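Input: a single structure, listed below in structure tokens.
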Amino acid sequence: MRTNSASILRLSPTELAFSNRLFASSPQTDARRRESHRPQSDVPEEDEIYYILTILTDAPHHQTMCALRERYYPPALLRIPAHISLFRALPGSKLPLLRIEVAAAVSRLKPFKICAVGPPIRIGRNGAGVSVTGLEPARELVRTFQEKWRDVLSRQDRRAFHGHYTIMNKVDDPGVLTRCMGELCRYFDPGGCPGMALGLTLWQYNGGWWKREADFAFSGVG
């Protein structure tokens, strides 16, 4: 079983450097969110700022998953790094309280092992991704936050947590999708892409791009 996360894809140093790219740009005109994706807020939708909460991982794991996403994701749509989302639409109007509660929660957790594994999964009708094992601490964290934030979360963010990486999406060519699924199956067999979950990252949604807001390290003793 392979344990080096970079070796499974035999990536070049240039590809591995991908993850450190700044995923931020000028705000762009964005379509209105679907009803199920809107948080519950007294602020008008056009005035609300949205935030995303993801898992922060070690650099080798993150770099490998970002390079893989760059390889398959449509270039014109590649605006954000590879990520495992916990929440996708946290309301900025509630951000001070949310930040306090995130900081308190991560202080009670220690880093834990994860692994992106095959076989690949279909994401909707025209996407592909991989599941992630070892996310039980994150799953419990999501449940805790869902209980605390039930009055502000969108319907999407109130659903059960199924941690995964989206590698390809919004590709209309069935042949490209089939080829991607086959290659992902080979890439992640047998050892997957192991790594460490080190904390959480908060991102500001910026018209389709994400701007890194803050990192929260797992600093507890478990």
Side-chain angles (χ1 to χ4, degrees), residues 1-11 15-21 23 52-73 80-88 90 102-123 127-146 157 159-169 180-181 183-203 210 212-222:
M1 179 177 293
R2 286 168 288 192
T3 58
N4 187 318
S5 61
S7 67
I8 58 171
L9 297 180
R10 298 182 177 86
L11 301 173
E15 288 177 304
L16 286 176
F18 168 75
S19 70
N20 292 322
R21 182 181 301 171
F23 287 87
I52 305 99
L53 192 65
T54 66
I55 294 178
L56 174 67
T57 67
D58 65 280
H61 176 87
H62 181 66
Q63 289 166 349
T64 297
M65 300 309 298
C66 281
L68 187 59
R69 181 177 168 95
E70 182 182 47
R71 181 174 294 181
Y72 292 112
Y73 215 89
I80 59 178
H83 57 276
I84 305 170
S85 294
L86 276 63
F87 295 96
R88 299 170 177 83
L90 298 175
V102 169
V106 299
S107 71
R108 297 188 290 269
L109 287 176
K110 64 179 179 180
F112 54 90
K113 294 180 180 179
I114 61 172
C115 190
V117 298
I121 56 177
R122 290 289 295 268
I123 306 293
V130 290
S131 299
V132 182
T133 62
L135 290 175
E136 288 76 14
R139 189 168 291 108
E140 185 59 34
L141 198 59
V142 169
R143 292 194 195 103
T144 299
F145 287 150
Q146 286 175 330
D157 281 342
R159 296 171 186 164
F161 171 67
H162 300 288
H164 67 277
Y165 283 106
T166 299
I167 302 301
M168 172 187 282
N169 206 2
C180 174
M181 293 285 286
E183 292 175 354
L184 290 178
C185 191
R186 293 191 295 274
Y187 289 154
F188 288 93
D189 179 30
C193 181
M196 292 291 295
L198 304 178
L200 304 178
T201 297
L202 185 69
W203 306 82
W210 293 4
R212 198 181 202 116
E213 178 79 11
D215 292 331
F216 301 84
F218 294 144
S219 56
V221 294

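Just so it is clear, the model here is predicted, and its values are computed rather than measured.
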Could you measure the distance from the CE atom of Met196 to the NZ atom of Lys110? Nearest 0.5 Å is fine.
9.0 Å
Could you pull out the closest heavy-atom pair between Ser219 and Ser107, with the gap in Å?
OG-CA, 3.4 Å
Closest heavy-atom contact between Val106 and Ala217?
CG2-O, 3.5 Å
In Å, rounded to the nearest 0.5 Å, how long is the span from CG of Leu109 to CZ of Phe218?
5.5 Å
Under 3.5 Å, is there a donor-acceptor pair between the side chain of Asp58 and the main chain of Gly195?
no
Below 4.5 Å, heavy atoms only, C-beta onward: do Arg212 and Trp203 meet side chain to side chain?
yes
Any side-chain heavy-atom pair of Leu68 and Phe188 under 4.5 Å
yes
Phe216 and side-chain contact (heavy atoms from CB on, under 4.5 Å): which partner among Val102, Leu198, Leu56?
Val102
What one should report as the nearest heavy-atom pair of Val130 and Ala116 is CG2-CB, 4.1 Å
Write down the atom of Ala105, the atom of Leu141, and the distance for their closest heavy-atom approach.
CB-CD1, 3.6 Å
Looking at Ala138 and Phe112, what are the two nearest heavy atoms and their distance?
N-CZ, 4.0 Å
How many angstroms lie between NE2 in His162 and CD1 in Ile121, if you round to the nearest 0.5 Å?
10.0 Å
Could you check whether any side-chain heavy atom of Thr166 comes within less than 4.5 Å of a side-chain heavy atom of Tyr72, counting everything from C-beta outward?
no
Test item: Glu70 side-chain N/O and Pro81 main-chain N/O as donor-acceptor pair under 3.5 Å
no
If every non-hydrogen atom of Leu90 is compared with every non-hydrogen atom of Leu202, which pair is closest and at what distance?
CD1-CD1, 4.4 Å
Rounded to the nearest 0.5 Å, what's the gap from CE on Met168 to CG on Leu184? Could you check?
8.0 Å
Determine yes or no for a side-chain-to-main-chain donor-acceptor pair under 3.5 angstrom, with Arg69 supplying the side chain and Ile80 the backbone.
yes
Student check: side-chain heavy atoms of Arg122 and Met181 closer than 4.5 Å
yes
With a 4.5 Å cut-off on side-chain heavy atoms, are Met65 and Thr57 touching?
no
Taking the side chain as C-beta and beyond, is there a heavy-atom pair between Phe87 and Gln146 under 4.5 Å?
yes
Are any non-hydrogen side-chain atoms of Ile55 and Val132 less than 4.5 angstrom apart?
no
Nearest 0.5 Å, what's the CD1-OH distance between Ile123 and Tyr165?
13.0 Å
Using modelled atom types only, decide if a donor and an acceptor are shared between the side chain of Thr133 and the backbone of Cys115 within a distance under 3.5 Å.
yes
Does the side chain of Leu53 reach to within under 4.5 Å of the side chain of Phe145, using non-hydrogen atoms?
yes
CD1 (Ile52) and OG (Ser85) are apart, to the nearest 0.5 Å, by 7.5 Å
